[in-house]
Amino acid sequence: ASLLSGSERYTAAGYLVRAPKRAPRITTKQETAVAAALAAARNGSGRGEVFALVPVGKAVRGAEWRAA
């Protein structure tokens with residue numbers, strides 16, 4: 001999944017699957033995330049949501065922030 005907004009382009013590094021009464025699950029493939037959300041919706045949760053995870057930056061030792 002990618003988002004085109006002006007000159008910036010965001011590509012998902014992973015996907016978060018969220019369903020009621022279940023622990024969040026992180027996957028790297030979109031197809032796996034969609035399958036997990038559909039399984040959660042079918043198996044009693046009623047719904048499953050998939051969110052794209054986009055890297056913003058990271059904190060490194062020495063309290064320094066580096067942009068992605």
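Computed from a prediction, not measured in an experiment: that's the story for all the values here.
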Spacing of [X] atom [atom1] and [Y] atom [atom2] [to the nearest 0.5 Å]:
X: T11; Y: L53; atom1: OG1; atom2: CG; answer: 13.0 Å
X: Y15; Y: I26; atom1: OH; atom2: CD1; answer: 13.5 Å
X: K21; Y: S45; atom1: NZ; atom2: OG; answer: 8.5 Å

Next on the checklist: Under the criterion side chain to side chain contact (heavy atoms under 4.5 Å, CB included), I'd like the reasoning laid out for R22 against N43: C-alpha separation, chi angles, the key distance, then a yes or no.
Outcome noted: CA-CA 11 Å; R22 293 177 189 243; N43 294 326; 3.7 Å; yes
Item to check | Which atom of A19 lies closest to which atom of G48, heavy atoms considered | outcome: CB-CA, 4.5 Å
Item to check | Min side-chain heavy-atom separation V50-R25 under 4.5 Å | outcome: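 They are not in side-chain contact.
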Checklist entry - Are V54 and L16 joined in one hydrophobic group, where the rule is that I, L, V, M, F, W and Y side chains link up if heavy atoms are under 4.5 Å apart? => result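 Not linked; separate clusters.
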